[in-house]
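Notes follow once the structure below has been shown.
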Amino acid sequence: MLDKNRPGWWRNATIYQIYPKSFQDTTGSGTGDLKGIISRLDYLQKLGIDVIWLSPVFASPQVDNGYDVSDYRAIDPMYGSLEDMRELIAEGKKRGIGIVLDMVLNHSSDQHRWFLEAKSSRDNPCHDYYVWRDGTPDQYPNDMKAAFGGPAWTWVPEVGQYYFHQFAPQQPDLNWENPALRRELYDMILWWMEQGVAGFRLDVIDQIAKEPDRGITNNGPRLHEYLRELSAETFQKGCMVTVGEAWGADLERAKLYSAPDGSELSMVFQFEHILLDQQPGKTKWDLAPLPLVQLKKTMARWQTGLHNQGWNSLFMSSHDLPRIVSRWGDDGKYREESAKMLATMLHGMQGTPYIYQGEELGMTNIRLPITEYRDLETLNLYQERLEQGYPEEDVLASIYARSRDNARTPMQWDDSPNGGFTAGEPWIQVNSNYREINAAAQIEDENSVFSYYRRLTALRKEYPVFIEGDFTLLEPEHPNLFVYRREYQGEQLLVVCNFGDQQTEWELPAEWKDAEVLIANYPPQDGNLLRPWEAKILLCPAVRS
Ligand code: GLC
């Protein structure tokens, strides 16, 4: 068990993300709940994780599945009660698992008391908690667009002004320039710290310092000033793990976010690697293949760039991304091999690994009739592209590959109806492959994807080189091998991944011939051939004199 009172404890942690709506239902309502999570803590303990990042469970009208918070100190009744949350925190602690809450501080719900007051009158003290601009009903303040489609401005006749929203109109942006608003947020965070949480994930935190008059959404001039204040007023008063979601972070910014002096956050959650299969200047819906050589170089640049200067999150999956085995692996014939290969590639690196629910089972994307999709981003995109004249089959192809709902179908626990997720009608369809791909079939099977993730997680605890080692990319130009070396105090790791279903000839460097195989996704074999999606990690211990 990690001692979560030791500064920097999160460097040794593995984090597991739960999307509570789709994790485990205990009431038959068709949506997951906190009691469901409690009932699965033993499973998570077996996997070996140290922290749960819980997507938002606060009171919310659920326009964006909880990323529209109407009361930051209340649990949405759909998920249970504050009592359940306290129980989850306590039961987690018993198993060495801390709870990280997902704080949406860039915007609130339009049903939050602050916003209801704010839009009632320009004189209300809460008015300035949001971002307002004068105008007339037929003339937007400017032509900025919202992330989920449509303009970033919505007119409120009562006050004769527009408010600014980077996401849906039901997610008005909070005005961080207002010190009273900032104080409210800090007090709320302190209150949650008193409840015993282990830390916070900060939703789209790079967007809090927006300046719409200058067209600025992320990386606003005051961003890091706000983060330092937030951190000093809250997180630094405990031993919190904090992670900032920052779509707009480059390496230099990441060093600020995750500065080793702890002045901002523990680590950054940035997307440079995951956006590589997106064409420049296009959106994620315009599908493009993954350029592996570029992926290697990008990962290597972050590995070496942040070494001793910051800390990164290691992830390939989340509730906003399609399933990685469908995206970069092979969700057909080589599903298990490729899922394990991808995990090897990532978990051998420096940083804190994140496992998104079901990733440890090799869960895959889905294809649903459009009426069965639930994500507002997906539904807006579908409408928008049809109106723009895209052929429906192309739009659907993009949705099958990239919809956020790929990650949001219910967790597949066993082969009983609805995969054991609910006894009722699930809020979104369960992937029909749940009879083959489910936790019950994998937990006891030592060759399963689950067991592989479990071993990787354990290895990171056993060998400090995983946490501390430096990074050297080998074979940078090789078209399908991803090979790298880590080293710490003479101890070395070699991570070898064959990215694709082709057999690849590759001779192990002589000094590694007798190395110990820590983990591999195939049985050993003589010769120089790497099999489809083959992956392994070798260890050369330090020579002690
Ligand atoms: C983040 C969340 C995403 C949400 C958005 C708006 O990107 O991860 O799910 O829709 O912020 O809050």
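Whatever order the structure lists them in is the order used to number ligands and atoms, beginning at 1. Computation of the quantities below employed the complete heavy-atom set of this structure, encompassing side-chain atoms and omitting hydrogens, waters and symmetry-equivalent molecules.
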Note to self: Is the contact between Y19 and ligand 1 made by the side chain, the backbone, both, or neither, using heavy atoms and a 4.0 Å cut-off?
What the structure shows: neither
Check: Ring centroid separation for F315 and F269, is it under 6.0 angstrom?
Finding: yes
Note to self: One residue to check: Q166. Relative to ligand 1, which of side chain, backbone, both or neither has a non-hydrogen atom less than 4.0 Å away?
What the structure shows: neither
Check: Side chain or backbone of Q207 under 4.0 Å from ligand 1, or both, or neither, by non-hydrogen atoms?
Finding: neither
Check: Cation-pi between R182 and W176: NZ/CZ under 6.0 Å from ring centre and within 45° of the ring axis?
Finding: no
Note to self: Please confirm whether R404 approaches ligand 1 to less than 4.0 Å, judged on its heavy atoms.
What the structure shows: yes
Next item on the list: Salt-bridge test for E245 and R201: reply yes if a basic N is under 4.0 Å from a carboxylate O, no otherwise.
Entry: yes
Check: What protein heavy atom sits nearest atom 7 (O) of ligand 1, and how far away is it?
Finding: E245 OE2, 2.9 Å
Check: Under 4.0 Å between a Lys/Arg side-chain N and an Asp/Glu carboxylate O for D286 and R385?
Finding: yes
Next item on the list: Kindly assign one of parallel, tilted or perpendicular to the pair F450 and Y43, based on the angle between their ring planes and the thresholds 30° and 60°.
Entry: tilted
Checklist line | Closest approach of any protein heavy atom to atom 2 (C) of ligand 1, naming residue and atom | finding: D203 OD1, 3.0 Å
Check: Counting from 1, what ligand 1 atoms have a heavy atom of R408 closer than 4.0 Å?
Finding: 9 (O)
Next item on the list: Assign the ring pair W132 / H127 to parallel, tilted or perpendicular, where the plane angle (0 to 90°) is split at 30° and 60°.
Entry: parallel
Next item on the list: Would you please test N219 and D206 for side-chain hydrogen bond (donor to acceptor under 3.5 Å, both in side chains) and show each step?
Entry: CA-CA 5 Å; N219 298 331; D206 58 338; 5.3 Å; no
Next item on the list: Could you tell me the residue and atom name of the protein heavy atom closest to atom 8 (O) of ligand 1, and the distance to it rounded to 0.1 Å?
Entry: D320 OD2, 2.4 Å
Next item on the list: Number the atoms of ligand 1 from 1 as they appear, then name those within less than 4.0 Å of a heavy atom of H319, with their elements.
Entry: 2 (C), 3 (C), 8 (O), 9 (O)
Check: Under 4.0 Å from any heavy atom of V204, which atoms of ligand 1 are there?
Finding: 1 (C), 7 (O), 11 (O)
Margin query: Within ligand 1, which atoms have a heavy atom of H107 less than 4.0 Å away?
Written below: 6 (C), 12 (O)
Next item on the list: Starting from atom 10 (O) of ligand 1, find the nearest protein heavy-atom neighbour and note its residue, name and distance.
Entry: D64 OD2, 2.5 Å
Next item on the list: Flag this pair as yes if the NZ/CZ of R40 is under 6.0 angstrom from the six-membered ring centre of W413 and inside a 45 degree cone about the axis; otherwise no.
Entry: yes
